[in-house]
Amino acid sequence: MPELPEVETVVRDLAAAGLAGCRICSVAALWPKTLQPPHGIGWQAVEGCRIEAVSRRGKYIVLELSGGLQLLIHLRMSGRLGIAPHAAADEPYLRVRLLLEDGRELRFYDPRKFGRWQLVSGAESPLLNLGPEPLTPAFTAAALRRALRGRKGALKPLLLNQSGVAGLGNIYVDEALWAAGLHPLRPADSLKDAEINELRKAIRKVLRRAIGAGGTSLGSGRTNFYGLEGRPGRNLPRLKAYGRKGLPCERCGGILQRTVVAQRGTHFCPECQTIP
DNA sequence: AGCTAGACCCGCACGC
DNA sequence: TGCGTGCGGGTCTAGC
């Protein structure tokens with residue numbers, strides 16, 4: 001499931017493929033719902049634009065276009081990008097083709113059809129609702145404390161909602177909570193300053209480690225995560241909690257449990273992630 | 001406003 | 001082996 005480290009991996013792959021600097025001929029949707037209707041303009045507005053830069057914000061891939069528009073790509077559950085020549089045959093689950101003037105095209109595959117492309121100008125951008133980037137200096141202990149303050153709800157759903165921290169999903173929330181020794185149901189505003197700082201460090205650690213491994217791929221199916229060249233991530237063996245139900249905790253030897261929190265599978269150690 | 005639940009989707013794992 | 005069933009998960013929306 002693409003979260004920050006997987007999206008970062010794809011963005012680095014896109015940069016290495018030389019996507020920045022390419023000029024767009026046209027966009028074609030094989031599954032029209034993937035292309036969200038832009039406000040006041042049509043998708044043909046991308047025609048003739050140059051891709052000025054490729055970056056990431058939270059889980060969004062951001063293509064900065066000449067003329068000031070941004071093309072946002074969200075992979076959601078099963079989205080995947082590839083680059084192919086115009087002439088290459090369609091593969092299964094191909095949903096969108098972005099044709100480039102150099103004879104290549106950016107291809108979007110998405111078996112489960114959750115992924116979305118958006119064409120936005122700054123003012124109505126969904127990026128405005130995102131919390132700080134966890135791997136930048138903006139993600140201070142004070143910023144995390146502000147995000148948690150006054151929140152009566154549980155830690156895990158808050159960390160998932162993107163407004164306090166951008167880019168975490170189900171896997172890395174479980175990993176960060178494990179690394180910080182915090183229970184997923186711990187009331188968010190009950191954390192002491194030292195615990196907030198541990199959580200901040202844990203979030204940064206698990207994300208950095210996963211980026212270093214090219215992201216997490218859970219299996220080998222079509223809906224799994226793959227980089228631009230179809231390469232799976234190598235972070236699975238580094239996970240300490242997610243998907244490890246019944247295995248011993250590497251920190252204390254307790255048996256890891258799986259429960260459901262906020263309608264999501266949640267993995268934690270009942271021995272060393274407790275609610276005081 | 002904050003929080004929860006449902007909708008969107010369908011491959012895949014699992015059970016018989 | 002083949003079929004049927006239900007799970008999983010990010011984000012938006014609806015409803016309390």
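Lettering follows sequence order; numbering is per chain, from 1.
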Distance test, side-chain N/O of [X] to OP1/OP2 of [N], below 4.0 Å:
| X | N | result |
| --- | --- | --- |
| K152(A) | dG2(B) | no |
| H74(A) | dT11(C) | yes |
| R151(A) | dA1(B) | no |
| R258(A) | dG8(C) | yes |

Within this structure, what is the [atom1]-to-[atom2] distance between [X] and [N], rounded to whole angstrom?
| X | N | atom1 | atom2 | answer |
| --- | --- | --- | --- | --- |
| M77(A) | dC12(B) | CE | P | 13 Å |
| K113(A) | dT11(C) | NZ | P | 21 Å |
| L127(A) | dT11(C) | CG | C1' | 14 Å |
| K156(A) | dT4(B) | NZ | P | 13 Å |
| E3(A) | dT11(C) | CD | C1' | 13 Å |
| N129(A) | dC12(C) | CG | P | 7 Å |
| L158(A) | dG2(B) | CG | C1' | 10 Å |
| Y93(A) | dG11(B) | OH | P | 4 Å |

R23(A) CZ to L100(A) CG distance, which is reported to the nearest 0.5 Å: 11.5 Å
Euclidean distance, R116(A) CZ relative to I73(A) CD1, rounded to 0.5 Å: 13.5 Å
Consider the side chain of [X], meaning its heavy atoms from C-beta on, and name the nucleotide among [options] that approaches it most closely.
| X | options | result |
| --- | --- | --- |
| R112(A) | dG10(C), dC8(B), dC10(B) | dC10(B) |
| T223(A) | dG11(B), dC9(B), dG10(C) | dG11(B) |
| Q162(A) | dC9(B), dG10(C), dT11(C) | dT11(C) |
| R76(A) | dC9(B), dG11(B), dT11(C) | dT11(C) |

Residue whose nearest DNA chain B nucleotide is more 5′ - D110(A) or R264(A): R264(A)
G221(A) or G153(A), whichever maps to the more 5' nucleotide of DNA chain B: G153(A)
Sugar-phosphate only, base, or nothing, as touched by Q263(A) at under 4.0 Å among non-hydrogen atoms: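 Answer is base: heavy atoms of Q263(A) come under 4.0 Å of a base.
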Touch class at under 4.0 angstrom, heavy-atom based, for R222(A) against every strand present: sugar-phosphate
Side chain to side chain donor-acceptor pair (under 3.5 Å), paired with T266(A), selected from Q257(A), H183(A), K156(A), R258(A):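 The passing option is K156(A).
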Passing option when R145(A) is tested against D193(A), T140(A), N197(A) for side chain to side chain donor-acceptor pair (under 3.5 Å):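 Going through D193(A), T140(A), N197(A) one by one, the side chain to side chain donor-acceptor pair (under 3.5 Å) with R145(A) is satisfied by D193(A) alone.
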dT1(C) pairs with, by Watson-Crick or G-U criteria that keep both distances under 3.5 Å: none
Upstream residue (5' side of DNA chain C) when F114(A) and P126(A) are each assigned their closest nucleotide: F114(A)
Y60(A) vs V7(A) side-chain heavy atoms within contact, under 4.5 Å: no
Whether W117(A) and F108(A) hold their rings parallel, tilted or perpendicular, with breakpoints at 30° and 60°: perpendicular
Donor-acceptor pair under 3.5 Å, R116(A) side chain vs dG10(C) base: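 No, no donor-acceptor pair under 3.5 Å.
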